[in-house]
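Quick notes on the structure that follows.
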2 protein chains.
Amino acid sequence: MPPKQAPFNLERFFQALGDHTRLRLLNLMGDQEICVCYFVEILDAPQPKISRHLAYLRNAGIVAARRDGKWMHYRIVTPPNEAAAQILKQTLASLQQEKAMQADLCRLTKACCTPAKFLSLQGAPPPTAISPSHNSASR
Amino acid sequence: MPPKQAPFNLERFFQALGDHTRLRLLNLMGDQEICVCYFVEILDAPQPKISRHLAYLRNAGIVAARRDGKWMHYRIVTPPNEAAAQILKQTLASLQQEKAMQADLCRLTKACCTPAKFLSLQGAPPPTAISPSHNSASR
DNA sequence: GAATTATATTCGTCTTGACGAATATGTAAA
DNA sequence: TTTACATATTCGTCAAGACGAATATAATTC
């Protein structure tokens, strides 16, 4: 049988939001689908660390992953729990108010506009906006 | 110098919400001020466990305590962070939908109506409703 | 098919936090 | 002032999780 995605759990959801790195990742995703290498570049953190936090978010039912050749794209998905969905939305809005989070997004924009300056992103697929209805939990 | 209440921290806030016992405590408080012995009775848990979780919630800036003779009363306070305040509100509303949380509240009501049947609550001050403007963080 | 690239997982270590048991503190009552 | 009561804190243990380092996997390119 397949790995069996655990049913949505509110405590797990909160635990997932209780970490700075994961909040930064969520802030970067916003309504975009982003490839792992971008997270690594923008957060300036080791790749295994990024992957582990993304896995945690996926287990908590907050993000979903899509494979695209060598690359993996992550995006935020709307949790099945209605309150959690609202909370996630408010959290993202609140993060955007923080200076450090704005700086992260700023660096992301810069990386997208002038990818030539970021050698680790050569050939990497840039983030793409996702339509609000796209967020079903496909793993 | 005094113990120095740490400034409000969003990660800490989420970590505080990421525990079942603490969610039960918050659900019981709702808009009432409740004495520790009631938590112990309703959750049927060891008193030190209850006290530790209440301390955690207090450190996270989610509840405040008031001493009243031998008793300590706890109540929910509105976090200074606007998003956190909203999130807390939604979380409480969401908890009320859960059957187990309703059962907790049900037992609390029963204990208040017929305290004679709960020998651990003899002489304990019953929960009291708090006015919505009362929730400033007095420790 | 071997080398490369992108990402995931494992391992060892350390910190945080949850728990029960025991003990300390703070207040009131005797 | 002892005693009892309500609550808080400490201690030892254990599990979860965060991290860097190393390694494994999966897809692509040569």
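These numbers come from the heavy atoms of this one structure, side chains and all, not from hydrogens, waters or symmetry mates. In what follows, chains carry the letters A, B, and so on, assigned in the order in which the sequence lines appear, proteins first and then strands, with residues in each chain numbered from 1.
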Using whole Å, what does the distance between atom [atom2] of nucleotide [N] and atom [atom1] of [X] come to?
X	N	atom1	atom2	answer
B:D68	C:dT27	CG	P	12 Å
A:I50	C:dA8	CD1	C1'	13 Å
B:H73	C:dT27	NE2	P	13 Å

Want to settle it: does A:R52 or B:Y56 sit nearer the 5' end of DNA chain C, counting the closest nucleotide to each?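 The answer here is A:R52.
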Which sits closer to the 5' end of DNA chain C, A:Q122 or A:P48, going by the nucleotide each is nearest to?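 Its nucleotide being nearer the 5' end, the pick is A:Q122.
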Determine whether A:R24 and A:M101 make a side-chain contact, defined as any pair of heavy atoms from C-beta on separated by less than 4.5 Å.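 Result yes, sub-4.5 Å side-chain heavy-atom pair found.
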Distance-only, no hydrogens or angles: does the [X] side chain make a donor-acceptor pair with backbone N or O of [Y] under 3.5 Å?
X	Y	result
B:R22	B:Q15	yes
B:Q102	B:Q96	yes
A:R107	A:L43	no

Assess the side chains of A:S51 and A:Q47: does a donor N or O sit below 3.5 Å from an acceptor N or O?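 Yes, because at least one side-chain N or O of A:S51 sits under 3.5 Å from a partner of the opposite role on A:Q47.
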Shortest non-hydrogen contact from A:N27 toward A:D104: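 For A:N27 versus A:D104, the nearest heavy atoms are ND2-CB, 4.3 Å.
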Please report the closest heavy-atom contact between A:F8 and A:A84, naming both atoms and the distance.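 In terms of heavy atoms, the two residues are closest at CZ-CB, 3.4 Å.
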Distance under 4.0 Å to a non-hydrogen atom of chain B counts as contact; along DNA chain D, which nucleotides mark the start and end?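 Nucleotide range in contact with chain B: D:dC5 to D:dT10.
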Check DNA chain C against residues 18-47 of chain A and give the residues with a non-hydrogen atom under 4.0 Å, in numerical order.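 The stretch gives A:C35, A:V36, A:C37, A:Q47 as the residues lying under 4.0 Å from the strand, ordered by number.
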Quick one: salt bridge (Lys or Arg N to Asp or Glu O under 4.0 Å) partners of B:E33, sequence neighbours excluded?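 B:E33 satisfies salt bridge (Lys or Arg N to Asp or Glu O under 4.0 Å) with B:R66, B:R75 once adjacent residues are dropped.
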Can a side chain N or O of B:R67 be found less than 4.0 Å away from OP1 or OP2 on C:dA28?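 No.
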